[in-house]
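Order of the sequence lines sets the chain letters (A, B, ...), proteins ahead of strands, with each chain counted from 1. Note that the structure is a prediction, hence the values are computed from the model and not measured. All values below were derived from every heavy atom in this structure, side-chain atoms included, with hydrogens, water molecules and symmetry-related copies excluded.
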Amino acid sequence: MTQLFRVDEQTCKSSGELGLAMLELIRELYPIGRSITGPGLRATVQRLSKIVPLQITEIPTGTHVFDWTVPDEWWVEEAYVEDVKGRRVIDMRNSSLHIVGYSVSVDTEMTLSELKPHLHSLPAHPDWVPFRTSYYNRNWGFCVAERVLQSLTEGPYRVVIRSHLGAGSLTLAEYVHRGTSDEEVLVFAHDCHPSLANDNLSGLAVAINLAAYVRPRVMRYTYRFVFAPATIGSITWLAVNEPQLHRIKHGLVLCLLGNRGPLRYKETRSGDTAIDRAAWHVLRTEFSSSLRLGFSPWGYDERQFASPGINLPVGAIMRSQSGEYPEYHTSADNLDLLSPESLGESWLACLKIFEALEGNVSYRNLQAKGEPQLGRRGLYRQTGGYYTDVPERQMAFLWLLNQSDGMHSLLDIAQRAQLPFKVIADAATELECVGLLAPA
Amino acid sequence: MTQLFRVDEQTCKSSGELGLAMLELIRELYPIGRSITGPGLRATVQRLSKIVPLQITEIPTGTHVFDWTVPDEWWVEEAYVEDVKGRRVIDMRNSSLHIVGYSVSVDTEMTLSELKPHLHSLPAHPDWVPFRTSYYNRNWGFCVAERVLQSLTEGPYRVVIRSHLGAGSLTLAEYVHRGTSDEEVLVFAHDCHPSLANDNLSGLAVAINLAAYVRPRVMRYTYRFVFAPATIGSITWLAVNEPQLHRIKHGLVLCLLGNRGPLRYKETRSGDTAIDRAAWHVLRTEFSSSLRLGFSPWGYDERQFASPGINLPVGAIMRSQSGEYPEYHTSADNLDLLSPESLGESWLACLKIFEALEGNVSYRNLQAKGEPQLGRRGLYRQTGGYYTDVPERQMAFLWLLNQSDGMHSLLDIAQRAQLPFKVIADAATELECVGLLAPA
Amino acid sequence: MTQLFRVDEQTCKSSGELGLAMLELIRELYPIGRSITGPGLRATVQRLSKIVPLQITEIPTGTHVFDWTVPDEWWVEEAYVEDVKGRRVIDMRNSSLHIVGYSVSVDTEMTLSELKPHLHSLPAHPDWVPFRTSYYNRNWGFCVAERVLQSLTEGPYRVVIRSHLGAGSLTLAEYVHRGTSDEEVLVFAHDCHPSLANDNLSGLAVAINLAAYVRPRVMRYTYRFVFAPATIGSITWLAVNEPQLHRIKHGLVLCLLGNRGPLRYKETRSGDTAIDRAAWHVLRTEFSSSLRLGFSPWGYDERQFASPGINLPVGAIMRSQSGEYPEYHTSADNLDLLSPESLGESWLACLKIFEALEGNVSYRNLQAKGEPQLGRRGLYRQTGGYYTDVPERQMAFLWLLNQSDGMHSLLDIAQRAQLPFKVIADAATELECVGLLAPA
């Protein structure tokens with residue numbers, strides 16, 4: 001008898017409680033000053049390692065990774081702007097967003113006019129602090145609420161950034177759960193953003209809890225969870241792991257999974273792979289109002305997986321699109337934006353996508369001429385004639401028997417029947433039990 | 001010159017009158033107590049045989065037919081429930097629906113409480129009697145209007161069913177009209193339902209009158225009309241005729257064709273066969289508001305033809321879907337539900353589908369470089385310049401000349417031109433007459 | 001470095017002024033009495049020759065051209081209807097529309113009753129004179145406003161037509177601009193209509209000015225501009241040039257391009273050729289409200305190019321469909337119907353279609369693993385993090401890098417990116433300049 005991974009009732013029910021736990025994890029990770037390298041990034045993956053032990057790989061500064069080079073490592077001791085009375089009008093201790101990522105050191109005095117070119121604010125959102133970086137262009141700067149900026153007098157101000165920028169390494173972290181097959185499902189989440197909640201802490205929380213869920217379970221596929229900085233991190237990971245990439249058969253980039261609003265699935269580059277079909281089938285049959293987004297070379301690390309020289313079937317799952325919600329990359333992307341229900345539901349949706357990938361096998365109808373007599377096998381109502389509806393399980397039996405001709409997998413059949421994958425998969429098991437279906 | 005079956009004006013006009021005749025036939029068949037075997041079924045096919053002589057085949061009880069076995073034959077002498085004063089509160093003489101199909105014999109006295117598990121009613125429709133059966137589970141029961149059920153006192157009641165259930169046979173009936181080719185068009189109608197008008201008497205009336213229409217005519221295809229009980233009947237017919245099934249190139253299941261409302265065509269399993277294209281083209285160009293239904297393994301005997309081991313291109317034509325009109329399988333599916341116009345139109349639609357199947361040949365344009373000069377052949381207006389519309393016949397000429405490159409049949413062209421098949425077929429004959437088209 | 005034809009800003013701006021010049025040209029050509037042969041046709045192409053020198057070919061009467069024969073040449077010296085007082089109640093000197101095309105000579109006296117079968121009017125538009133012809137049926141007649149017709153007394157009238165109908169020739173005119181390749185783009189406009197402005201003078205004005213624009217420029221394709229009478233002219237041209245037709249890789253029929261309202265592109269016979277894709281992409285991304293029309297064997301000379309024995313990929317571009325605007329083929333199709341903006345925009349749209357055809361080459365991404373680092377090449381913003389939108393040029397870079405795998409041309413990429421072709425083509429040039437793309 002075929003025994004495949006199933007998301008049971010208990011798991012579905014547990015997603016609410018898990019959502020709360022994920023929110024707590026995010027609350028803990030939120031203040032850490034992350035960047036694409038450095039101690040904040042390391043602290044983050046070490047916290048995740050308490051949930052599932054991650055294998056850490058440090059890639060040295062200067063390593064050539066495709067068209068890029070691993071940059072210097074960066075961290076900031078302190079960063080502030082002080083007025084003549086010694087009051088810190090901007091101070092990184094209040095939020096890791098205040099410092100422009102990869103700012104060089106500075107310790108000088110200047111007037112507001114001189115300082116202004118180094119200050120970033122959002123006039124349209126006067127209370128929000130933007131997130132800005134200057135990874136590949138040596139510079140320095142502060143991010144500040146427009147309202148604060150407007151309140152500043154001409155100065156002079158003392159400007160202090162004590163940052164460290166030099167040879168070091170970029171931190172990659174991963175967890176691999178071996179399945180019965182070497183074929184892999186890749187789950188990728190970026191981990192380089194400072195104090196932003198939905199982007200990227202929601203993705204980290206969902207990914208690490210998916211790892212925790214599959215860890216004790218027997219799976220058909222090998223599941224590889226990768227945590228790395230956006231862009232340079234995924235490129236570095238791809239470059240380092242290039243010889244093994246052929247094992248990746250399906251993949252998902254996770255991001256922006258904690259806000260309210262419907263789930264969105266973004267297609268792979270070709271839009272018609274198994275992960276596209278599995279993910280979208282799960283979302284449209286089990287998560288109402290879900291949206292499907294066409295592929296675009298804009299977004300997160302799915303861009304790297306979709307580059308023509310890599311071309312892996314990696315989709316993305318999210319609740320918002322990068323840049324398309326107003327709080328994106330500002331201090332307003334904080335814990336208030338998140339809902340534990342959304343986090344839990346995002347996690348459950350991913351599990352159900354795994355379920356569809358794991359269970360997408362094909363059967364053969366052993367009584368293929370006419371419909372078999374389900375009644376004498378206890379799979380059909382005993383009294384015929386009048387009825388008002390047909391139960392899903394009944395329809396699942398009929399679709400399975402009709403389509404199990406060796407050319408249709410369970411996912412094909414679930415799609416055609418417009419039934420949740422689990423309904424089809426469970427019905428297939430029942431039909432296999434009574435000898436009507438056999439693995440194709 | 002190619003001479004193919006055409007549905008002429010006279011035939012179209014006659015459909016109204018024929019609808020009335022079909023309604024009379026249905027009125028005559030309505031009271032007969034049919035089941036999947038037995039004398040009611042035989043009486044029904046004998047009445048149809050008066051219109052077109054049917055070949056009857058009796059398949060003995062116990063015959064193995066694929067996964068099924070031909071059941072015992074069943075009939076009922078009498079069936080009633082009598083109160084202490086000898087009044088029959090339920091009596092099968094009033095309607096063949098009162099007895100649950102395949103009820104075993106019983107003659108006993110019991111209180112209402114004891115009787116109730118054997119009574120079937122429809123609380124949502126208190127005046128209607130449901131249709132119920134227990135073909136494969138030995139049991140007995142009565143169907144009754146909820147209003148009658150509510151009026152019953154505690155009893156006791158005498159319950160009498162004198163039924164006969166034992167070795168016999170299942171009755172198949174068919175008529176074959178030989179065409180110039182051995183390739184067959186199958187028309188199937190189930191004939192096992194008791195006093196229900198739309199289901200299945202409308203299908204029988206339309207099918208037998210299609211047989212009557214083609215009988216005196218020269219057809220390209222061989223037309224096979226099969227009358228058999230639903231499910232077990234079609235399975236039995238398939239099992240008995242398995243070696244000849246390869247001859248069936250197109251098929252239609254007819255049912256639920258007498259009620260008001262638009263025609264519906266239900267696709268074959270693959271949805272893209274010639275019968276799908278012919279039937280839907282006819283319906284959408286000539287019968288307004290027609291609907292197209294995707295294939296589903298729910299419905300009538302198209303399910304058996306669509307099983308993966310049989311896999312014949314058999315669609316279904318109907319005006320309602322089984323289970324999706326409230327009167328379905330109740331005493332309210334009576335003659336009031338039927339309209340003679342609907343019956344006539346259903347018959348005409350089938351004939352026009354035959355017309356498209358018969359006439360779906362390909363031509364070759366003999367003057368394929370530029371448009372030929374239709375004017376000097378009398379096929380184009382003599383005065384050019386201002387015009388306000390282009391007649392259908394004119395457009396048919398132009399589409400035929402443009403598309404007759406050996407890769408497009410008349411049905412292909414009619415579909416692309418969005419013109420009725422007959423307009424294209426008649427125009428093709430005209431172009432063939434003047435030497436512009438030749439059979440491809 | 002690949003250097004391809006581009007429609008620059010200056011050209012776009014010049015289209016308004018050119019629209020006015022085209023309107024002047026049309027005003028000059030409007031009064032000329034054109035037909036499918038004769039001096040009016042010759043005068044028209046000679047006027048066009050002043051803009052770009054056309055090569056004239058005269059095809060003698062009686063020449064067999066596929067299924068047709070080149071007709072007698074026709075012209076009219078004078079044509080009028082005179083009342084007893086010598087007043088001309090209808091006179092061709094007032095409008096070339098008054099005489100039915102190819103009318104034979106007549107000089108007789110008759111009553112209104114006798115005359116009426118020879119008079120054509122439009123009761124629904126009492127002030128408009130229709131355009132009528134009788135090319136292949138010897139006859140004579142006058143076209144007249146219904147209001148004039150109603151005012152006529154019983155007569156008698158003197159009816160005079162002095163026409164010449166005899167051996168002569170049919171006039172073809174063309175201009176060929178040689179490209180670096182022998183492969184051709186065909187531009188066809190019919191030139192046989194008398195005093196009608198939109199049909200066909202707008203087409204002539206746009207076509208000759210397209211020829212003038214490409215004349216001094218280096219093009220990849222050879223551009224062939226053909227001016228010929230509708231139907232018999234295109235058929236004659238095809239018959240005479242049959243051995244060279246294989247060089248035509250893309251084509252456009254131009255007509256009805258001067259009226260207000262959106263641009264319309266009518267598909268080639270197959271609907272999926274390069275010209276279909278180029279033309280529709282340009283229209284839908286750069287000309288708002290554009291419409292796409294399916295192929296139909298009705299319309300203008302695209303019918304001949306689409307005949308199965310010719311089967312060239314020739315679409316049509318227009319602002320109205322023949323027969324589908326009320327003024328079509330009446331005296332109301334005059335200069336008031338035209339807008340210089342529409343003429344200019346039609347011309348510009350055709351140039352942009354040429355741009356897409358010329359530039360539809362394929363590139364290969366030379367840094368195909370992951371995204372290349374655009375920042376260090378000056379092609380990406382220096383400061384990351386918060387942003388609110390992504391510029392078109394940025395998206396064009398990313399789409400080009402993602403899709404340049406040797407299987408997608410620039411037009412494929414522009415379609416997928418939903419960006420104007422020029423944005424993609426210009427971005428490709430930039431990427432080629434920095435060594436990220438190379439011709440595939």
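Proximity to chain B is absent for every atom of C:F305, based on heavy atoms less than 4.5 angstrom apart. Within the 4.5 angstrom heavy-atom criterion, only side-chain atoms of B:R377, from C-beta onward, approach chain C. Interface residue B:N402: backbone and side-chain heavy atoms are both found under 4.5 Å from chain C. Contact of B:Y380 with chain C is made through the side chain alone, with heavy-atom distances under 4.5 Å.
Distance alone, capped at 3.5 Å, places no donor-acceptor pair between the C:W298 side chain and the B:Q394 backbone. A donor-acceptor distance shorter than 3.5 angstrom exists from the side chain of C:Q304 to the backbone of B:E371, with no hydrogens or angles considered. The backbone N or O of B:G384 sits less than 3.5 Å from a side-chain atom of C:R132, completing a donor-acceptor pair.
Expressed to the nearest 0.5 Å, how far CG of B:L398 lies from OG of C:S307 amounts to 11.5 Å. Taken from CD in B:Q418 to OG in C:S296, the straight-line distance is 10.5 Å, to the nearest 0.5 Å.
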Tell me, with the steps shown, if C:F66 and B:Q367 meet side chain to side chain contact (heavy atoms under 4.5 Å, CB included). CA-CA 8 Å; C:F66 300 146; B:Q367 292 292 345; 5.6 Å; no
Side chain to side chain contact (heavy atoms under 4.5 Å, CB included) assessment of C:R269 paired with B:Q403: CA-CA 9 Å; C:R269 186 172 180 248; B:Q403 295 287 303; 3.8 Å; yes
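The choice from C:G309, C:P326, C:G294, C:A239 that makes the most heavy-atom pairs within less than 4.5 Å of chain B is C:G309. With chain C as the partner, the residue from B:N365, B:D405, B:V390 showing the most heavy-atom pairs under 4.5 Å is B:V390. Interface remark: of the candidates C:T69, C:L122, C:V65, C:I232, C:L122 forms the most heavy-atom pairs closer than 4.5 Å to chain B.
C:W68 places none of its side-chain heavy atoms less than 4.5 Å from the side chain of B:R376. Looking only at side-chain heavy atoms (C-beta outward), B:M395 and C:P297 come within less than 4.5 Å of each other.
Listed here is the closest heavy atom pair of C:I235 and B:G370: CG1-CA, 4.5 Å.
Contact check on B:K369 versus C:D67 returns no salt bridge, with no Lys/Arg side-chain nitrogen under 4.0 Å from an Asp/Glu carboxylate oxygen.
Annotation for C:H246: atom NE2 counts as buried by contact number, over 12 foreign heavy atoms lying within 6.0 Å.
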